[in-house]
Amino acid sequence: MDKVMTADDVVARLASGMTVGIGGWGSRRKPMALVRALLRSPLTDLTVVSCGGPDVGLLAAAGKIRRLVVPFVTLDSIPLEPHFRAARERGAFALTELDEAMFMWGLTAAGQRLPFLPVRAGPGSDVLRVNPHIRTVTSPYADGEELAAVPALRLDAALVHLNRADARGNGQYLGPDPYFDDLFCEAADAAYVSCERIVDGAELNRAGGPQTLLVSRMFVSGVVEAPRGAHFTSCAPDYGRDEAFQRAYVRAAADPDAWAGFVKRFLSGDEDDYQAAVAAFTEETAGERS
Amino acid sequence: MTVTRAEYCVVACAEVWRGAGEVLASPMGTVPALGARLAKRTFSPELLLTDGEALLVGDAPEAGNGAPVTEGWLPYRRHLALVATGRRHVMMGASQIDRYGNQNISCVGDWARPSRQLLGVRGAPVNTLNHPTSYWVPRHSPRTFVERVDMVCGVGYDRAAAAGPSATRFHDVREVVSDLGVFDFDTPDRTMRVRSLHPGVRLADVREATGFALRVPDGGVPVTRAPDAAELRLIREVLDPGGLRDREVPPCGP
């Protein structure tokens with residue numbers, strides 16, 4: 001039951017054309033080490049399902065996305081994601097734009113093996129206009145209400161990042177918000193959990209109450225130890241968002257030459273190279289931050 | 001000391017939550033956040049507020065600072081589920097808004113290939129069909145107050161009516177607060193009406209800054225109420241001593 005593997009092992013189990021769900025929210029607790037492994041791979045034509053942040057931005061910039069399924073894409077402290085914006089404005093991929101509640105209940109339906117769930121969201125808005133495949137359903141009871149029938153968001157694979165996990169795949173979050181990480185794992189045929197540290201069960205129990213054990217091993221196919229694996233997004237309480245690095249990311253995204261330089265410096269090697277380049281960046285910018 | 005335009009806006013936003021009872025106030029933007037905290041500290045103490053992430057905070061913290069007391073847990077998924085209970089009044093932003101209160105935060109231009117991609121619809125469709133919704137527009141202009149929005153995210157009165165009884169059942173778009181005035185939909189055909197103008201703003205100014213014909217109440221337009229001394233002290237000394245409100249609504253001449 002030892003499911004420990006590397007980020008590259010995870011990517012080796014994926015295939016071009018798959019539907020991949022990515023946990024976290026905006027620029028918070030994104031499985032960035034796994035995303036960076038995806039960037040190093042030849043995989044393409046992905047359908048990406050995400051409460052989007054820089055995961056979406058990086059995959060869009062690298063041309064990995066065929067269809068994007070999102071209720072939003074944001075960097076939080078910087079509202080608009082520059083690569084997502086640019087990709088949309090040049091028509092780089094197909095978009096399924098969903099309301100947030102539709103997204104949540106669609107993931108939930110997938111985990112519950114339901115074809116759809118009824119939601120009071122969508123009617124009246126243009127979400128139904130731009131998603132003509134989404135139908136409404138009429139209540140079979142006396143109220144006769146007509147609600148959106150949000151289709152299940154079934155995934156081939158889910159990628160999430162948590163604070164701790166054991167080698168069997170039990171994942172623990174220690175921050176204030178689980179986001180949808182367990183829903184993503186339950187909605188997927190195969191889920192992969194990266195974490196700050198792989199520990200044993202006793203240490204999981206010491207770190208937090210049983211309700212912090214968010215993801216159960218019964219839904220997990222692989223566990224990856226990836227310290228600072230959510231960087232540059234936040235991973236409370238282990239670390240906050242690297243705002244200086246995020247600003248540098250946004251600045252570089254505004255200009256093709258600057259972006260090529262960013263990719264060369266930070267994204268041309270493996271995860272160790274990335275973390276070393278970030279450490280050097282942090283050292284360099286320490287003066288301007290204080 | 002002269003009350004600034006931003007301070008009128010804070011009070012106008014606070015008024016949105018007057019009498020709301022024990023519901024979650026969800027402000028988006030600096031001025032609405034100050035308004036919600038001001039309302040909770042004064043005339044609407046029953047309100048609930050979040051820290052902007054997963055916690056319900058027990059008292060109204062200063063802008064940008066956390067609060068020592070947590071009175072509940074409201075992570076993203078529970079926040080979304082709360083929407084359907086109706087116990088929330090959100091004040092969202094609007095990149096575009098029309099006379100019926102349809103709002104757009106998704107993209108400008110043709111959705112299939114937008115000239116300017118924005119955030120995405122976020123929760124605007126579910127919010128507007130489930131609980132009271134108001135809007136905050138820090139810079140009132142014809143580019144924001146438009147004849148027709150490019151992508152309906154927040155549902156307005158005409159679109160809710162066309163979608164049927166399940167859409168109108170809990171639909172309740174209340175007010176729009178901008179840097180020029182306060183607007184509502186208390187008209188027979190549910191189109192936007194001037195409710196009050198901030199001091200120094202003329203009706204002609206608002207008409208020029210609005211891309212559709214605004215309704216004007218018979219008998220003249222009132223002036224937005226000024227903060228009283230206690231409210232002003234709270235805004236300046238407790239809630240926003242750093243003056244973040246002036247960054248969202250710069251001080252203007254008389």
Side-chain angles (χ1 to χ4, degrees), chain A residues 25-26 28 51-52 68 70-74 76 79-82 84-91 94-95 97-105 107-108 118-130 136 138-139 143-148 173 175-180 182-183 234 236, chain B residues 51-55 70 73-81 83-84 93 102-130 149-171:
Chain A
W25 190 102
R28 303 176 196 179
C51 288
L68 184 65
V70 291
F72 59 83
V73 182
T74 182
D76 289 294
L80 302 182
E81 216 298 338
F84 165 66
R85 262 184 66 186
R88 275 281 286 152
E89 291 167 14
R90 66 173 186 269
L95 180 66
E97 184 167 358
L98 298 176
D99 166 85
E100 293 177 38
M102 295 170 82
F103 186 93
M104 177 171 78
W105 294 116
L107 270 187
T108 304
V119 182
R120 193 188 307 277
S125 79
D126 278 337
V127 166
L128 295 194
R129 172 175 66 87
V130 303
T136 61
T138 302
S139 165
D143 57 84
E145 286 223 56
E146 188 190 0
L147 303 163
Y173 81 113
D177 202 319
Y179 310 116
F180 293 164
D182 50 334
L183 301 181
S234 64
Chain B
D51 65 345
E53 293 199 23
L55 304 182
T70 297
W73 182 54
L74 197 69
Y76 181 51
R77 66 178 63 182
R78 288 182 60 160
H79 202 144
L80 275 179
V83 167
N102 295 295
Q103 166 251 30
N104 176 18
I105 48 173
S106 169
C107 63
V108 176
D110 179 13
W111 179 87
R113 179 101 183 245
S115 57
R116 191 169 159 75
Q117 174 65 43
L118 305 171
L119 277 178
V121 292
R122 290 221 50 183
V126 73
N127 287 343
T128 44
L129 260 52
N130 286 276
V149 304
D150 293 330
M151 168 88 180
V152 175
C153 303
V155 178
Y157 282 97
D158 58 337
R159 295 283 296 244
S166 293
T168 56
R169 188 171 174 197
F170 305 115
H171 181 265

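Because only heavy atoms are used, hydrogens play no part in the values below, and waters and symmetry mates are left out as well, while side chains stay in. In what follows, every chain begins at residue 1, and chains take the letters A, B, ... in the order their sequences are listed. For clarity, every value in this text was computed on a predicted model and none was experimentally measured.
- Only the backbone of A:L98 has a heavy atom closer than 4.5 Å to any heavy atom of chain B.
- Between chain B and the options A:V70, A:T136, A:L183, A:V73, the largest number of non-hydrogen pairs under 4.5 Å is found for A:V73.
- Side-chain contact between A:E81 and B:Q117 is absent, with no heavy atoms from C-beta onward closer than 4.5 Å.
- Atom CZ in B:R77 sits 10.0 Å away from atom CG in A:L107 (nearest 0.5 Å).
- In plain terms, the two heavy atoms of A:S125 and B:V152 that are nearest each other are CB-O, 3.4 Å.
- Between A:E145 and B:S166, the closest heavy-atom pair is OE1-OG, 2.6 Å.
- Each of B:Y76, B:W73, B:F170 has some count of heavy-atom pairs under 4.5 Å with chain A, and the biggest count is that of B:Y76.
- Ranking B:S115, B:A160, B:A84 against chain A, the residue ahead of the rest is B:S115, based on heavy-atom pairs under 4.5 Å.
- The candidate with the highest count of non-hydrogen atom pairs below 4.5 Å against chain B, out of A:D143, A:T74, A:D182, is A:D182.
- Closest approach of B:R116 to A:L80, counting heavy atoms only: NH2-CD1, 4.0 Å.
- Each of B:C107, B:G123, B:G109 has some count of heavy-atom pairs under 4.5 Å with chain A, and the biggest count is that of B:G123.
- What you find for B:A54 and A:D177 is that their closest heavy atoms are CB-OD2, 3.8 Å.
- When heavy atoms are compared at a cutoff of 4.5 Å, B:S106 approaches chain A by way of both its backbone and its side chain.
- Options B:I105, B:V155, B:L129 differ in how many heavy-atom pairs under 4.5 Å they form with chain A, and the most are formed by B:L129.
- Residue B:D150 touches chain A through its backbone alone, counting heavy-atom pairs closer than 4.5 Å.
- Only the backbone of B:A112 has a heavy atom closer than 4.5 Å to any heavy atom of chain A.
- Of all heavy-atom pairs between B:R169 and A:R120, the closest is NH1-NH2, 3.6 Å.
- Of the residues considered (B:L118, B:L55, B:L74), B:L118 shows the highest number of contacts with chain A, using heavy-atom pairs under 4.5 Å.
- With respect to chain A, the highest number of heavy-atom pairs below 4.5 Å among B:R122, B:Q103, B:R159 belongs to B:R122.
- Looking at heavy atoms from C-beta onward, A:E100 lies out of side-chain contact with B:V83 at the 4.5 angstrom threshold.
- Residues B:P114 and A:E89 approach most closely at O-CG, 3.4 Å, considering heavy atoms.
- Comparing A:R28, A:R88, A:R85 by how many heavy-atom pairs each has under 4.5 Å with chain B, the most go to A:R88.
- Between A:W105 and B:L80 the shortest side-chain heavy-atom distance does not fall below 4.5 Å.
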